[in-house]
Every structure is written in C-alpha cells, then in structure tokens.
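Residue numbers begin at 1 in each chain, while the letters A, B, ... track the order of the sequences. Basis for what follows: all heavy atoms, side chains included, without hydrogens, waters or symmetry-related copies. The shown structure was predicted, so the numbers you read here are calculated from the model rather than taken from an experiment.
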Amino acid sequence: MKIQVPKGTQDILPGEVEKWHYVEAMMRKVASQYGFQEIRTPLFEHTELFQRGIGMTTDVVEKEMYTFEDKGKRSLTLRPEGTAGAARAFIEHSYAARPQPTKFYYIGPIFRYERPQAGRYRQHHQFGVEVFGSPLPIADAEVIILALDLFSRLGLTELTVKLNNIGCPTCRQSYRQVLIDYLTPRADNLCADCRNRLTRNPLRVLDCKQDGCGAIVANAPSITDHLCQDCRDHFSRVLDYLRAAAVRYEVDPKIVRGLDYYTRTVFEIVYSGLGAQSTVCGGGRYDNLIETVGGPATPGVGFGMGIERLLLTLEKNGCYLPGERGPDLYIAAIGDAALEQAFAAMYGLRQAGVHVVTDLMGRSLKAQLKYADKIGARYVAVLGEAELAAGQVQLKQMQGGEDWVIAWSDLADWLTEKLGLEANKEEVR
RNA sequence: GUGGGUGUAGCUCAGCCGGUUAGAGCGCCAGGUUGUGGCCCUGGAGGUCGUGGGUUCAAGUCCCAUCACUCACCCCA
C-alpha cells in the first residue's frame, strides 16, 4: 500500500503555496492596521480546555476532536478551533492586567475529525481575530468590518453577512423553555436528530434543514421576541455601527452557531458558490468564555476564517492570486571553467537581490536554454569560452528575445537596474 | 457515523457484446548544427489496469469484498 496523506489533509505544493503567502500577508497587514497583534499558541492543548470552552454537548467536542493520551497520561487534543487557546493564553499571561482591550490574531492549522468534502478538511487553516475585554457593540462591529475589509482588499465584494442575536445565558434560558414548550407537543413530526436536540440543545433545531422540521420551525416563537432589553440594545447598536460603515447585512434568525460559548451577536459571512460549505467566516461574541475556562470575567468577540474556503472563493471569483515565479536570471555556462566562474558569481548576484540559478544537471547549452524557458527565467546569461576570454557575457531576455553583450563585471549592476530592484523591497503584491 | 459516484502511465483520459504484446494527448529525458529556448520532427523511460477473492478455456472488461478518492447528509471554517 502506497503511503498517502491522511484522509482530509493535503500538501500545499509550489505554485499553490504562493497564494497562501499572498493571503496570509494581507491578513497580517489588515489585522495589524486594525491594531491586532499576532499570537501563536500550541496546536494541542489539554482536552479539558475545549470541553469546558466549546461545550460538552457540541458536535465538535462529542465526535470531532483528535484526542490522544501522551506518555505522561495527559489527555491532549489537537485544537478544533482557535479561540479557546487564545483565551487560555490571555488568562495564563495575565493580559487582563494590561491596558484593555486585548486584540489578538492568529493564522494556523485547525483539526477536526469529520468526513471530508468540498471545502472541508480534517486539517484546515484559519485566520482568526479575538477582541478580549470590550463588552461594547462597537467591538462586534469592528471584527465584522475587519473581515469585510480583508475580503474587499482581496477583490471579493459579493459576500453576504448574516447575523443574529442569540442573547445572553439568562434570556436565552427563558427562550429555551418557550421553545421546548412549543416543540414538545410537535416532537412526533421532528426528525430523529431534532428529537434528540430537543432535550440536549433545543436551539439547534432552529437550523435543521429537514423539510418537516423547517415547517415547524417556521412558526416557532422567535428568539428576537424573548431577549432581554440589554441584549436587544446591544444588537441594535451593532447594526447601527454596520449601517454607519455602509455594510450590507442580513439578519437571519436561523443562525445558531455550533459552539456553546457564543452570546448575543453571532455572524457568518457566506459565499454561495462553494457547494455545500458556504461559510467562509464565522464568529460572534463570547462574554462568558474566559470565565468558563478559569479566568477573570472578561467579555470577548471574534471570528474564524477558513483559508482553504477563502482561496476557493477567490478562485471562483477570478480574483488576483500569484503563481509560481521563475528566477530573474539563469546562467547557461559552457564548459567547466565557465561553470566555475558562474557558480562563484552567483553569490554576489544574490547579495544584490537577484534571483539566479545555474545548471545543476550537466546539460548541453540547448538543453539549458530549454530548461531556463520552462522554469520561466526572465533573463539568461550565456557564458562560454569566448565570453570568458573577453571578460564579457551575452545576456538574453527570454520573453522578447532581445540580447546584449556586456562586461562580466557589470552584470550585477546591469541586472539590478533592468529588473528595477531595490534592496529588500517587500510588498504584498 | 449514513448514502451516491469514481479508481487504467506523473497529469487528463480511451479501451466496443470478456479474447492473446494495454493505448493516446500532455508532461519528463535525449537527439535533430559546430555554442542558443518557444514551433516542428525522431527516439526513450514510465503501468503488479487500487487491492484481495470468485466466475471463465480466457478478466482492465463480469460478480463479491475491501481500501482509497470524491460529492452529499450531520456539523462546521
């Protein structure tokens, strides 16, 4: 049996990895402009962190975690989302004692044991942001706007923001009872899953896609009519901020996120062209999470964005994405003496910022040129006995076919000028 | 965990009602001038036909199982 990547994982190969660099660079840039700092937390944590943070009855904790015991008999789990680890770090390093709010962002792999399908992997990657310490609706609006700003800078504008208000533990509890009272007499017409949810997590019945359940849910009491005044005010202020920023949004009472820690605002940013998995970004407010996992009462709000799904969306929309980049220069050397000189010269050229390679395969001149063409080299320098004797080099521009003969000693200067190189110029595009 | 689809060369695929040495295009390597790429031509390397059983004189072709991939459900990014 050939060894392949484990189910639901994938290699990111040259040609593809440039796209990741590009979107990740944009994420870092935008997050930084919004005042977020990067945090890197372990890929695995104590299992208990996720059990307490995400909630024991959630699907993620019940059946999707990669949990294992290490040699010291500790139960550890590969992180199935990013917020819990960030919250743990916030507590562990006493960020509450620093000026608030605390604004973190992270980029990295997330693991969930699920059946893979289009846009879903067992190891996927998320860009996430968290604002700890602010209970105010402006913080909710800021993270949503950050996500939209990022999308728009990548060229995506046709995304839909859906949001909902799921209240605080207090008012959600009373709504929960109202919902149970409504659903129980109708339980016979619910699907098996929903009959189970009825006792364990009745809010989840609301976003069941089964026809029968949908019909019952359509007439169910709405959560919006049962929330406390504070929660309503909070949500309406969030919407005010979004309107002020000219954000188009849709309030969707059916959005109920799958993680228990959410309070008040929950939202998703969806793109319909992705197949069944249309959520590119999902998040919300979690005012009790920090306390639940053992920290000082601290509100928070954030989101996770799936990088694989983002890339799929960008591709479907024909947005700019970088591809493989060939070297600036390929040195085609003829004979050992020329190859030695070329080999020695490359060091200086690279110091000057030129991407340069030469023949590592012992090929003929013709084969070297073919190779230079295939890898997309912009210029080729031909160095043979004649050039060596004259202290010159023949330079050839591959795309136009133009060529020049210049002094070997001028090569670096000539190229840096021709390529418009400036030392260490790093731009996102 | 449940259901559907698909497994033939590195990639995309052909292979008719089972029939003898398993093919194409692209890609890869080499050559077609003595030191010049793209186009064209020639040659070459590369396949236990996913795996294991079964039916048959004969299986890439039919049957069963299994594994993998894929799409969808559940749920999520």
Side-chain angles (χ1 to χ4, degrees), chain A residues 1-10 13 54 57-65 79-83 107-128 147 191-194 196-197 201 204 207-210 213 255-259 262 266-271 274-283 302-313 326 330 332-335 338 361-388 394-401 403:
Chain A
M1 196 61 213
K2 266 193 301 190
I3 297 179
Q4 300 171 279
V5 289
K7 187 193 279 286
T9 68
Q10 55 184 347
L13 302 173
I54 299 171
T57 64
T58 57
D59 278 14
V60 168
V61 169
E62 274 187 339
K63 50 186 202 191
E64 295 175 0
M65 297 207 299
R79 64 181 187 197
E81 56 94 51
T83 303
I107 296 175
I110 299 289
F111 307 87
R112 282 183 209 162
Y113 189 84
E114 301 179 273
R115 290 287 290 268
Q117 69 187 69
R120 167 190 293 166
Y121 310 90
R122 288 188 172 179
Q123 174 178 337
H124 75 278
H125 299 77
Q126 285 187 20
F127 161 60
C191 69
D193 281 341
C194 283
N196 186 28
R197 289 178 184 129
N201 199 342
R204 302 217 56 85
D207 67 348
C208 181
K209 279 97 186 168
Q210 304 284 327
C213 302
I255 292 185
V256 182
R257 314 240 69 228
L259 312 179
Y262 286 116
V266 293
F267 67 94
E268 291 182 3
I269 300 177
V270 302
Y271 172 62
L274 284 183
Q277 309 306 323
S278 56
T279 303
V280 183
C281 178
F303 67 72
M305 184 184 295
I307 301 182
E308 283 84 353
R309 288 186 189 174
L310 170 63
L311 254 9
L312 285 172
T313 307
Y330 177 93
I334 308 160
M361 296 294 289
R363 288 189 233 254
S364 68
L365 175 65
K366 182 171 179 161
Q368 290 189 58
L369 281 160
K370 274 193 184 175
Y371 175 75
D373 184 46
K374 280 176 198 160
I375 63 174
R378 296 174 65 186
Y379 290 88
V380 168
V382 179
L383 186 65
E385 281 175 38
E387 288 83 0
L388 214 48
Q394 184 195 147
L395 263 174
K396 198 176 165 70
Q397 183 176 37
M398 294 304 271
Q399 214 172 12
D403 52 18

Engineer: B:G35 C1' sits how many Å from A:D403 CG, rounded?
Structural biologist: 13 Å
Engineer: For B:C74 and B:G53, measure between their C1' atoms and round to the nearest Å.
Structural biologist: 35 Å
Engineer: Quick one: label A:E385 by what it contacts on the DNA or RNA (base, sugar-phosphate, nothing), any heavy atom closer than 4.0 Å.
Structural biologist: base
Engineer: What distance, rounded to whole Å, do you find between the two P atoms, one in B:C63 and one in B:G44?
Structural biologist: 38 Å
Engineer: Please report the distance, rounded to the nearest Å, between CD in A:E114 and C1' in B:U2.
Structural biologist: 15 Å
Engineer: Could you check whether any side-chain heavy atom of A:L383 comes within less than 4.5 Å of a side-chain heavy atom of A:L388, counting everything from C-beta outward?
Structural biologist: yes
Engineer: Find the distance A:Q10:CD to B:U70:P and express it as a whole number of Å.
Structural biologist: 9 Å
Engineer: How would you label the contact of A:Q123 with the nucleic acid (heavy atoms, under 4.0 Å): base, sugar-phosphate, or nothing?
Structural biologist: nothing
Engineer: With a 4.0 Å cutoff (strictly under), does any side-chain N or O of A:K63 reach OP1 or OP2 of B:C74?
Structural biologist: no
Engineer: Is there a Watson-Crick or G-U wobble partner for B:C69 with both distances under 3.5 Å, and which nucleotide is it?
Structural biologist: B:G5
Engineer: With both distances under 3.5 Å as the test, what is the Watson-Crick or G-U wobble partner of B:A77?
Structural biologist: none
Engineer: Expressed in whole Å, how much space separates the C1' atoms belonging to B:G50 and B:U61?
Structural biologist: 16 Å
Engineer: Considering just the side-chain nitrogens and oxygens of A:Q368, establish if one lies under 4.0 Å of OP1 or OP2 belonging to B:G37.
Structural biologist: no
Engineer: Could you check how far CG of A:L365 sits from C1' of B:G38, rounded to whole Å?
Structural biologist: 15 Å
Engineer: Write down the partner of B:C62 under the Watson-Crick or G-U wobble criteria, each distance required to be under 3.5 Å.
Structural biologist: B:G54
Engineer: Quick one: label A:Y121 by what it contacts on the DNA or RNA (base, sugar-phosphate, nothing), any heavy atom closer than 4.0 Å.
Structural biologist: base
Engineer: Check every strand shown and say whether A:R363 touches a base, only sugar-phosphate, or nothing at a heavy-atom separation below 4.0 Å.
Structural biologist: sugar-phosphate
Engineer: Side-chain N or O of A:K370 versus OP1/OP2 of B:G31: is the shortest distance under 4.0 Å?
Structural biologist: no
Engineer: Describe the nucleic acid contact of A:V280 in one word from base, sugar-phosphate, nothing, applying a heavy-atom distance below 4.0 Å.
Structural biologist: sugar-phosphate
Engineer: Do the side chains of A:M305 and A:L310 get nearer than 4.5 Å, heavy atoms only?
Structural biologist: yes
Engineer: Report the distance from atom NZ of A:K7 to atom P of B:C69, rounded to the nearest whole Å.
Structural biologist: 4 Å
Engineer: Can you tell me the pairing partner of B:G44 across any strand shown, Watson-Crick or G-U wobble, with both distances under 3.5 angstrom?
Structural biologist: B:C28
Engineer: Which whole number of Å gives the distance between the C1' atom of B:G23 and that of B:C49?
Structural biologist: 12 Å
Engineer: Is A:E387 touching bases, backbone alone, or none of the nucleic acid, heavy atoms closer than 4.0 Å?
Structural biologist: base
Engineer: Could you say whether A:G275 or A:G306 is positioned toward the 5' end of RNA chain B, judged by the nucleotide with the nearest heavy atom to each?
Structural biologist: A:G275
Engineer: Could one point to a donor on the side chain of A:E64 or the base of B:G1 with an acceptor on the other under 3.5 Å away?
Structural biologist: no
Engineer: Any sub-3.5 Å donor-acceptor pair from A:T313's side-chain atoms to A:R309's backbone N or O?
Structural biologist: yes
Engineer: Under 4.0 Å between any heavy atoms, over every strand shown, what does A:A386 touch: base, sugar-phosphate, or nothing? Just pick one.
Structural biologist: base
Engineer: Looking at B:G37, B:A77, B:U2, which one has an atom nearest to any side-chain atom of A:R115?
Structural biologist: B:U2
Engineer: Side chain of A:Q277 only, heavy atoms from C-beta on: which candidate in B:A68, B:C73, B:C28 is closest?
Structural biologist: B:C73
Engineer: Write down the distance between CD1 (A:I334) and P (B:G37), rounded to a whole number of angstrom.
Structural biologist: 12 Å
Engineer: Between A:R309 and A:P116, which is nearer to the 5' end of RNA chain B once each is assigned its nearest nucleotide?
Structural biologist: A:P116
Engineer: Does A:R122 make a cation-pi contact with A:F111, if we ask for NZ or CZ under 6.0 Å from the ring centre and within 45° of the axis?
Structural biologist: no
Engineer: Given B:G37, B:A77, B:C74, which nucleotide is nearest the side-chain atoms of A:Q117?
Structural biologist: B:C74
Engineer: Select base, sugar-phosphate, or nothing to describe what A:A372 touches, counting heavy atoms under 4.0 Å on all strands.
Structural biologist: nothing
Engineer: Considering every strand and a 4.0 Å limit on heavy-atom distances, what is the contact class for A:R257: base, sugar-phosphate, or nothing?
Structural biologist: sugar-phosphate
Engineer: For residues A:Q126 and A:I307, determine if any side-chain heavy atom of one lies less than 4.5 Å from a side-chain heavy atom of the other.
Structural biologist: no
Engineer: Say you pick atom P in B:G60 and the same atom in B:U51; how far apart are they, in whole Å?
Structural biologist: 11 Å
Engineer: Do A:R257 and A:E268 come within less than 4.5 Å of each other through their side chains, counting heavy atoms only?
Structural biologist: yes
Engineer: Identify the nucleotide, in any strand shown, that forms a Watson-Crick or G-U wobble pair with B:U36, with both distances under 3.5 Å; if there is none, say none.
Structural biologist: none
Engineer: A:K374 side chain: which of B:A68, B:C28, B:G3 is closest?
Structural biologist: B:C28
Engineer: Looking at A:Q394, is its backbone amide N or carbonyl O close enough to the side chain of A:E387 to form a donor-acceptor pair, meaning the two atoms are under 3.5 Å apart?
Structural biologist: no
Engineer: For A:Y371, does the OH atom have more than 12 heavy-atom neighbours from other residues, nucleotides or ligands under 6.0 Å away?
Structural biologist: no
Engineer: Only pairs with both distances under 3.5 Å count, Watson-Crick or wobble alike; so what is the partner of B:G23 in this structure?
Structural biologist: B:C13
Engineer: What's the gap between B:C67 and B:C29 when it is taken at their P atoms, as a whole Å value?
Structural biologist: 39 Å
Engineer: Can you tell me the distance, in whole Å, between the OH atom of A:Y330 and the C1' atom of B:G38?
Structural biologist: 16 Å
Engineer: Which value, in whole Å, describes the distance between the C1' atoms of nucleotides B:U48 and B:G43?
Structural biologist: 27 Å
Engineer: Hey, is the main chain of A:T83 close enough, under 3.5 Å, to the side chain of A:E81 for a donor-acceptor pair?
Structural biologist: yes
Engineer: Side-chain N or O of A:Q126 less than 4.0 angstrom from OP1 or OP2 on B:A77?
Structural biologist: no
Engineer: If the C1' atom of B:A22 is compared with that of B:A59, how far apart are they to the nearest Å?
Structural biologist: 13 Å
Engineer: In whole angstroms, how far is the C1' atom of B:G38 from the CE atom of A:M398?
Structural biologist: 8 Å
Engineer: So, is A:R120 close to the B:C74 phosphate, meaning a side-chain N or O under 4.0 Å from OP1 or OP2?
Structural biologist: no
